Amino acid sequence: MARRSLICAGVSVLLALSPALATAAAADDSGDPQVRELGHEAERNLRDADSLRLTLTDRTASGSRDKLAWMDMFLDRRGNCVASFRMGGNGGTFDLVKRGDEVWMKADWDYWKSQLPGENETADLVRNRWVHGTTDESAFKDFTGACDLKAFQEDITVDVTSNEGRSTVDGTDVYRLSGEEEGIPTTVYITVDSPHLLIRSDQKGGGTDRTAGVSDYNEAMPSGTPGPRDSVDLSDLEQESGQSG
């Protein structure tokens, strides 16, 4: 069994999340200075957060098994994360838990089948099982970057140019601030009350229809991990599949 390919199938999706979530309006010198300062304050608060919950819904990915359609990810600046993902086009789902240098990944049969076509035996072996390893193992080392909140924070920008008025998101009063990101109309929602926090970003146009959410600033993330009875170590799985180290 191609063990490294099996694990990295999930990693490749995770590493693509930062640019998908770092939705911002075009950075230029036009627009209302007060609006731009609101965006910059929200950016600073996002960059300073010790932990965040990030969600993503990409409505254009529904027909593609290779694209991420939905995500819910809680991560902190220590490199820990808990996340769930759904691929488009019945490409399946997978979950991830990373605590320190330990990693657990679980995916359903549809996910493994789409990522490893023609390898039904592999898909049957690992589906709905937590595969456990550490970032010291070559198959899991890329998860260190996948759960790197600091790297995400370094990439994020919130540059907006105009105020589209006030609204509410899940009962929270927000300003609707707009602009463009790479030519795509973008609306960000920033809390009216101080501290001003980015809580949502919508991009629609040019073949894009995506909503990203940010919440749980500085909240303690879930601390539970799959127990030994619910998981299988990578080394044991290799032996079970007849593959040596």
Side-chain angles (χ1 to χ4, degrees), residues 1-24 52-75 81-98 103-133 139-140 142-143 145-148 151-152 155-156 180-187 200-215 226 230-232 234 237 241:
M1 174 165 48
R3 181 66 55 207
R4 181 168 173 76
S5 296
L6 180 155
I7 297 300
C8 286
V11 176
S12 63
V13 174
L14 292 172
L15 295 179
L17 290 180
S18 182
L21 283 164
T23 52
L52 291 171
R53 184 177 183 180
L54 307 175
T55 60
L56 178 70
T57 301
D58 189 343
R59 285 165 286 275
T60 63
S62 59
S64 176
R65 295 187 302 175
D66 294 327
K67 292 185 178 180
L68 186 68
W70 176 88
M71 178 203 79
D72 187 348
M73 187 175 194
F74 206 148
L75 65 169
C81 66
V82 177
S84 296
F85 306 88
R86 184 178 74 246
M87 308 301 291
N90 200 31
T93 64
F94 67 97
D95 300 319
L96 171 70
V97 176
K98 180 178 178 293
V103 179
W104 294 260
M105 181 181 176
K106 178 176 72 172
D108 63 9
W109 191 87
D110 287 330
Y111 175 81
W112 289 126
K113 188 69 170 63
S114 67
Q115 296 295 320
L116 302 171
E119 298 188 32
N120 290 355
E121 183 178 348
T122 298
D124 285 336
L125 181 61
V126 296
R127 64 175 175 175
N128 299 321
R129 302 178 72 179
W130 287 105
V131 180
H132 172 246
F140 284 99
D142 287 337
F143 279 108
C147 296
D148 190 345
F152 168 77
D155 289 341
I156 199 76
E180 291 187 350
E181 166 68 11
E182 297 182 350
I184 301 171
T186 301
T187 302
R200 178 172 148 185
S201 174
D202 293 338
Q203 287 188 307
K204 190 168 185 178
T208 298
D209 188 358
R210 182 167 58 209
T211 296
V214 186
S215 63
D230 301 319
S231 59
V232 56
L234 181 62
L237 189 58
S241 65

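What you are looking at is a predicted structure, and each value in this text was computed from that prediction instead of being measured.
Atoms CZ and OG, from Phe74 and Ser215 in turn, are 7.5 Å apart once rounded to the nearest 0.5 Å. Taken from CG in Leu52 to CE in Met73, the straight-line distance is 11.0 Å, to the nearest 0.5 Å. The line from CG of Asp58 to CH2 of Trp70 is 14.0 Å long, rounded to the nearest 0.5 Å. The CH2 atom of Trp130 lies 7.5 Å from the CG atom of Leu96; values are rounded to the nearest 0.5 Å. One distance of note links CG of Leu75 with CZ of Phe152; it measures 8.0 Å at 0.5 Å rounding.
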Could you tabulate the donor-acceptor pairs under 3.5 Å formed by side-chain atoms of residues 83-94, not counting sequence neighbours?
unit_1 : atom_1 : unit_2 : atom_2 : d
Ser84  : OG     : Asp95  : OD1    : 2.8
Thr93  : OG1    : Asp108 : OD2    : 3.1

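Scanning both residues, Gly205 and Pro185, for their nearest heavy atoms gives CA-CD, 4.4 Å. Taking every heavy atom of both residues into account, Leu68 and Met71 meet most closely at CD2-CB, 4.0 Å. Of all non-hydrogen atoms in Ala69 and Ala61, the two that sit nearest each other are CA-CB, 4.0 Å. Closest non-hydrogen pair, Leu56 versus Ala212, comes out as CD1-CB, 4.2 Å.
With sequence neighbours excluded, the residues that form a side-chain hydrogen bond (donor to acceptor under 3.5 Å, both in side chains) with Arg59 are Asp209, Thr211.
Between the side chain of Thr186 and the backbone N or O of Ile184 there is at least one donor-acceptor pair closer than 3.5 Å.
If you check the side chains of Asn128 and Trp109, you find no donor sitting under 3.5 Å from an acceptor.
Salt bridge annotation for Arg200-Asp202: present, with a cationic side-chain nitrogen under 4.0 angstrom from a carboxylate oxygen.
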